[in-house]
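To start, the structure under review is shown below, and the notes come after it.
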There are 2 protein chains.
Amino acid sequence: MIEGMKNNITSIDVARLAQVSQSAVSRTFTPGASVAEATRAKVLEAALRLNYRPNAHARSLITGKSRIIGLVLSYLENLFYPAALQRLSERLQKDGYHVLLFINQTSNADDLVTEILQYHVDGIILAATTLSSDLARSCADANIPVVLFNRVMGNSGSNNLQSVSSVRSDNLAGGKEIANFLVKSGHKRIAYIAGNEESSTNLERERGFREGLADHGAHIWGRATGNYEFAQARLATLELFKPGHEHPDAIFVASDHMAFSVMDTLRYELGLRIPEDVSVVGFDNVPQAEWGAYELTTFNQPLDEMVEATASLLQERLSDQEKSAGKSIVIAGNLIVRKSVKIILEKIDQKVLVKPKLKPKVKT
Amino acid sequence: MIEGMKNNITSIDVARLAQVSQSAVSRTFTPGASVAEATRAKVLEAALRLNYRPNAHARSLITGKSRIIGLVLSYLENLFYPAALQRLSERLQKDGYHVLLFINQTSNADDLVTEILQYHVDGIILAATTLSSDLARSCADANIPVVLFNRVMGNSGSNNLQSVSSVRSDNLAGGKEIANFLVKSGHKRIAYIAGNEESSTNLERERGFREGLADHGAHIWGRATGNYEFAQARLATLELFKPGHEHPDAIFVASDHMAFSVMDTLRYELGLRIPEDVSVVGFDNVPQAEWGAYELTTFNQPLDEMVEATASLLQERLSDQEKSAGKSIVIAGNLIVRKSVKIILEKIDQKVLVKPKLKPKVKT
DNA sequence: CTGAAAGCGCTAACAC
DNA sequence: GTGTTAGCGCTTTCAG
């Protein structure tokens with residue numbers, strides 16, 4: 001039997017076995033430190049024999065860096081977040097960072113801050129739908145870089161928050177493009193199902209949508225709120241489709257996750273066909289959006305680019321505290337057209353659009 | 001302006017301000033330590049003024065406990081895992097633990113171990129589909145409690161692995177119950193779409209399924225493998241429904257996640273109706289299973305109980321290293337009947353079932 | 001109940 | 001390139 005006892009091998013043990021000083025061991029495990037190849041080899045061999053790994057806590061105590069990033073999330077049922085989580089974690093791991101996870105459904109901001117700060121994380125990524133501003137401020141006060149993922153700072157406590165950075169997709173342009181698409185494809189009674197009313201994502205998407213509609217002299221025909229949750233989106237749909245009233249011919253739903261709920265409600269509770277009776281557009285482009293059951297037309301948030309931007313931003317902030325503080329990165333998205341929107345061609349030519357000059361295609 | 005400088009307040013600073021010793025500060029922040037109420041109050045006030053929080057790394061260095069649990073996951077697109085992650089994290093947080101996340105798609109076992117072990121986590125939860133045995137052994141060697149979530153140890157390296165605990169639902173019984181249900185509801189050509197062939201979940205589910213079928217003198221009519229992935233499940237379906245051949249009248253799919261893919265393929269590529277033309281049963285009971293588009297009959301893995309069991313097990317192991325080492329907890333699940341299975345009543349009486357004595361219901 | 005002193009495992013200066 | 005020394009911030013004996 002190999003001795004299975006407490007495996008508390010320290011750098012001193014390794015040093016002893018390798019017949020070098022403790023510092024030599026340390027340097028061997030510090031990328032970029034200067035050790036002779038021979039020394040390094042001796043250390044490595046001893047370390048291997050003893051099954052030694054440096055103690056990250058001791059290291060972080062002296063260096064002041066933990067190589068841990070705190071990641072705050074709240075609602076994982078919307079696949080956008082697991083997907084982001086996975087990519088973020090992998091990207092950070094590549095840089096030698098690890099993710100300490102905080103799921104924040106119930107707990108309040110103050111407790112969370114206390115917990116996060118104890119671990120002296122090097123940075124924080126906030127992807128929680130709520131409570132951004134409180135938490136963000138506390139962290140900024142504690143002088144640790146915070147980057148908001150998929151949201152921006154509210155205007156509630158905008159005192160010393162210039163330091164908080166953010167990465168998000170172009171929600172405004174997205175809302176606009178969707179409005180444009182819906183009008184051009186001939187829809188007349190266009191409704192909006194909102195996400196969380198206070199969230200920056202919802203605010204921006206709705207504003208863009210309104211502006212896009214206005215560009216065509218149109219406006220939101222009906223509106224209900226789903227608060228980014230599945231069950232509430234169903235209720236919102238029912239509200240918009242009260243029996244005996246005229247109903248929307250298109251709905252822009254503020255997230256794919258809610259859009260699925262809306263589509264299910266439309267089809268299986270209200271007996272409506274998509275897109276023949278109602279068109280539906282989502283936002284996010286989560287994996288499910290292309291599933292056969294939905295084929296949802298939606299605005300793609302380019303996750304990889306958002307993750308990359310987040311990681312780089314964090315990196316910058318980590319190396320130079322002041323430099324990119326408060327930087328706000330907006331990633332362009334793009335409309336993904338699938339089958340959940342009806343294209344009413346005849347209407348396009350007759351009413352909505354300025355008649356385009358028909359360029360006859362010449363075959364070569 | 002408040003001074004936004006490096007906020008490195010230590011217990012010494014607090015001690016000084018509160019006019020007590022450093023130990024007094026420490027004791028104030030150590031649950032269950034003996035401090036006079038007056039001292040405690042002074043310390044707390046000073047701490048508040050200075051915005052002090054104990055440094056978790058320093059603490060863990062001396063106590064030997066990090067209050068961090070390493071959680072290893074691999075495939076978040078299957079909602080079962082985000083859901084588990086969320087509950088696990090919340091449950092652990094309640095006990096004062098935090099989750100250090102390791103997403104393991106690409107990286108190999110050894111690297112992962114090295115990384116995890118550096119943080120001297122107090123325990124590890126392995127919910128990754130692959131690589132269990134390697135990783136589990138390394139950790140067991142390093143003497144840190146490992147609990148397998150939703151899987152058990154393979155028999156590959158069963159040397160000193162008695163120490164690895166596991167929590168899972170009763171996959172065997174689940175497979176059996178599904179077989180029984182499918183046969184009794186009158187299906188004749190019952191197929192199986194497998195998950196990852198090496199995973200314990202797949203092995204157990206399939207074995208239970210076979211046994212259940214055998215109880216009725218039936219057997220698996222067709223089989224293909226989807227490896228727990230969405231795209232592969234589609235391919236598996238296509239394979240099972242080659243044109244020109246007779247096709248299954250029921251499919252048991254080893255996970256809900258794959259079942260959605262199967263249903264989409266059946267409906268939108270093959271033009272078949274569910275359950276009229278084919279019945280589909282899944283496994284897991286993820287949130288999507290009850291969505292209107294699927295209404296999937298499936299075997300429920302009771303997540304909350306599994307999480308609770310995992311947390312308690314970990315707790316036990318943490319307090320008494322030897323006690324519950326190697327304990328394996330199996331949680332009973334239950335079949336959730338929705339609309340994806342056709343009940344062919346006439347067949348039940350005529351062929352499959354031993355004709356039951358009809359107990360006429362007496363109305364009182 | 002409280003304080004002084006020692007030390008967890010490591011890295012960063014500093015001399016050599 | 002290498003070893004010696006000091007000390008990161010905390011908890012924990014041990015006296016008092």
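Below, read A as the first sequence line, B as the second, and so on, with proteins coming before strands; counting in each chain starts at 1.
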Global bending angle along the helix from C:dC1-D:dG16 to C:dC16-D:dG1, which compares the axes of five pairs at either end, to 10 degrees: 30°

Side chain of B:N55 only, please: which of C:dG3, D:dG9, C:dA12 is the nearest? D:dG9

Does C:dC10 have OP1 or OP2 under 4.0 Å away from a side-chain N or O of A:S11? yes

Would you mind checking if B:K94 and B:E90 are paired as a salt bridge, meaning a charged N to carboxylate O distance below 4.0 Å? no

CD1 of A:I12 versus P of D:dT5: gap in Å, rounded? 13 Å

Rounding to a whole Å, what distance do you find between A:R53:CZ and C:dT11:C1'? 21 Å

Nearest-angstrom distance from the residue atom CD1 of B:I9 to P of D:dC10: 10 Å

Counting only heavy atoms and a strict 4.0 angstrom limit, can you tell me which residues of residues 31-41 of chain B come near DNA chain D? none

B:A58 or B:R27, whichever maps to the more 5' nucleotide of DNA chain C: B:R27

Counting side-chain heavy atoms from C-beta on, which of D:dT13, C:dT11, D:dC10 comes nearest to A:S26? C:dT11

May I have the distance from B:L61 (atom CG) to D:dC10 (atom P), rounded to whole angstrom? 12 Å

Just to be sure I understand the rule, does B:F29 reach a base, reach only the sugar-phosphate, or reach nothing, if contact means heavy atoms closer than 4.0 Å? nothing

Contact list for DNA chain D against residues 14-23 of chain B - heavy-atom distance below 4.0 Å: B:Q22, B:S23

Any A:I68 side-chain heavy atom under 4.5 Å of B:H57 side chain: yes

Check the distance between D:dC10's P and B:H57's NE2 and give it to me in whole angstrom. 11 Å

Check the distance between D:dC8's C1' and A:K65's NZ and give it to me in whole angstrom. 14 Å

Here the distance between atom C1' of C:dC10 and atom CZ of B:R59, to the nearest Å, is 20 Å

Is any side-chain heavy atom of A:F80 less than 4.5 Å from a side-chain heavy atom of A:N150? yes

From CG of A:N8 over to P of C:dC8, roughly how many Å is that when rounded to an integer? 11 Å

For the residue pair A:H98 and B:F102, categorise the inter-ring angle as parallel (less than 30°), tilted (30 to 60°) or perpendicular (more than 60°). tilted

